[in-house]
Amino acid sequence: MLEKQDGQSYDPHKLVSACEKIAHGKARMAAYRSAAELADAHEDTPFRIYFRVQLCEESTFYGDSLDMLVIFPEVLAIIDRWPDTPSTCYKNNYKDSLGYVLWVYKWIIGSCDEFYQIPMADCRKFYEDYKKRCLAYGYNLRTYHMYRYYFYDSMGRDKEAQDAFHAFEELPRDRNSNCRACERNTTIGFYLDQGDLKKAEELSQEIESFQLRCGHDRKAAWLRMKGQYMSHYLDKGDFRQAEIYCRMIEQNMIETREYQDWDSFLYCYAHTDMGKALKIYKAHWKEWEEERNPSSAYYQSKNIMRFFKELSAVRKGKTVKLALDASFPLYRESGRYKITDLYQYYYRKAKDMAERFDARNGTDSFCRWLEEAVNEREENAAE
């Protein structure tokens, strides 16, 4: 928490500096909340927006996006009341605060697919509101279509996803477009999903050579690209090739949560290095239990379920020794767990999330993907 300041000593620049000295995560978020309250108390509208948007950024890149979904409606309410608010000196590449808010709005619509708690009607309202605000501000709909592509792709609605991608591709970049490296990664991901490896590799060259980079870290775009290739080979069941990318990412990992894809590493190493996979589970089980993002919880649980299924198949005994604590729902003081019990536990977690997402989306994709994961070992053996 930041100390309260009286009317004479209130200095938003000192608050910015104090917040930036705090490590990313819960402590920095608490500091930004305190700073926003101080800006409110002093009716400092540029900074009441700035500190709330910093909260959104911290939630997006170092949290699970849940806090952002609560905070951002406050930002919209403030900007609607004071639409001509100037941008702070920390965001002076925007002509006003609204330009900055529209940039951050992309994180909101990009999170709609991650939370089944957001009704589909509300998701559509977010997209339509974002669309109207972009057009009113003079932007085109390139980013609007890009995030629609992500949204439809996340729920397995392939035709709508492809239509949205091509609409994105046809429009020129503007000031609200993501960086060129991020957009290139979007395109690479699309062609990997289409199975066009040659096209994806052509598009990858400028990121591979670091000619295209994402602004916040030299390795960010490169790591995102490697993650897409890892996922591509995991989907194909080519675990040896996927392992190459796992090791690249691990050796070059940065602190942003996106790149710490431990559940995917767990799934991959379960087929190539079971000892390493066990170490990953032991190191990360607790953070997986504490996951608040439902989409992440679904994919994590599905990959952990796959890990225990593979462990059950290759291990001679029926149990595994794990140092889990009493917060784990299946906790046993002996530390000895039946592998099938652990498999069923994570299967049920994934199933619960799958049913909730499918109910929200009006599809059967999440449940279908889960059942495909359940049957994949038998299918691989048959091949």
Task: Validation row: Lys302, Phe366 side chains within 4.5 angstrom (heavy atoms) - done: no

Task: N-O pairing of Asp129 and Arg133 below 4.0 Å - done: yes

Task: Non-neighbouring partners of Ser154 that pass side chain to side chain contact (heavy atoms under 4.5 Å, CB included), sequence neighbours left out - done: Asp113

- [ ] Determine the sole option in Tyr233, Phe239, Phe265, Phe307 for which the ring-ring contact (aromatic ring centres under 6.0 Å, His included) test with His271 is passed.
- [x] Phe239

Task: Criterion side chain to side chain contact (heavy atoms under 4.5 Å, CB included) on Met305 and Val374, from CA distance to verdict - done: CA-CA 8 Å; Met305 173 201 81; Val374 167; 4.1 Å; yes

TODO: Check side-chain hydrogen bond (donor to acceptor under 3.5 Å, both in side chains) between Glu128 and all other residues, then give those that pass, not counting sequence neighbours.
DONE: Tyr144

Counting only pairs under 3.5 Å, give me each side-chain donor-acceptor contact of residues 206-215, with atom names and distances, residues two or more places apart or in other chains.
| residue | atom | partner | partner atom | Å |
| --- | --- | --- | --- | --- |
| Glu206 | OE1 | Arg184 | NH1 | 2.9 |
| Glu206 | OE1 | Arg184 | NH2 | 3.0 |
| Glu208 | OE1 | Lys226 | NZ | 2.6 |
| Ser209 | OG | Gln205 | O | 3.1 |
| Ser209 | OG | Glu206 | O | 3.3 |
| Ser209 | OG | Gln211 | OE1 | 2.9 |
| Arg213 | NE | Phe210 | O | 2.9 |

Task: Salt bridge present between Asp341 and Arg332 (N-O < 4.0 angstrom) - done: no

Task: Residues that Glu160 engages under side-chain hydrogen bond (donor to acceptor under 3.5 Å, both in side chains), provided they are two or more places apart - done: Arg157

Open item on the list: Would you call the rings of His284 and Trp262 parallel, tilted or perpendicular, taking 30° and 60° as the class edges?
Closed with: parallel

- [ ] Please name the pair of heavy atoms, one in Phe308 and one in Tyr346, separated by the smallest distance, quoted to 0.1 Å.
- [x] CE1-CE1, 3.7 Å

Task: Axial cation check for Phe190 ring with Lys199, 6.0 Å and 45° limits - done: no

Task: More than 12 heavy atoms from other groups under 6.0 Å of NZ on Lys321 - done: yes

- [ ] Run the salt-bridge test on Glu250 and Lys276 with the 4.0 Å N-O cut-off and return the result as yes or no.
- [x] yes

- [ ] Tell me, please, which residues at least two apart from Ser327 pass side chain to side chain contact (heavy atoms under 4.5 Å, CB included).
- [x] Trp285, Lys286, Asp325

Task: Charged tip of Arg306 within 45° of Tyr267 ring normal and under 6.0 Å - done: yes

Per-pair distances, 0.1 Å, donor-acceptor, side chain in residues 165-173, under 3.5 Å, sequence neighbours excluded:
| residue | atom | partner | partner atom | Å |
| --- | --- | --- | --- | --- |
| His166 | ND1 | Glu169 | OE1 | 3.4 |
| Arg173 | NH1 | Asn178 | O | 2.7 |
| Arg173 | NH1 | Glu183 | OE1 | 3.0 |
| Arg173 | NH2 | Asn178 | O | 3.4 |

- [ ] Provide the closest heavy-atom pair for Tyr345 versus Pro329 in the form atom of the first, atom of the second, distance.
- [x] OH-CG, 3.2 Å

Task: Glu243 with Arg240: basic N within carboxylate O range, under 4.0 Å - done: yes

Open item on the list: Applying the side chain to side chain donor-acceptor pair (under 3.5 Å) criterion to Thr186, which one of Tyr150, Tyr147, Tyr149 satisfies it?
Closed with: Tyr150

Task: Test item: side-chain donor near acceptor, Tyr100 and Thr88, under 3.5 Å - done: no

Open item on the list: To check you understand the geometry: which heavy-atom pair defines the closest contact between Tyr298 and Ala354, and what is its length?
Closed with: CE1-CB, 3.7 Å

Open item on the list: Pair Asp217, Leu223 - check side chain to side chain contact (heavy atoms under 4.5 Å, CB included), show working.
Closed with: CA-CA 10 Å; Asp217 191 285; Leu223 283 166; 5.8 Å; no

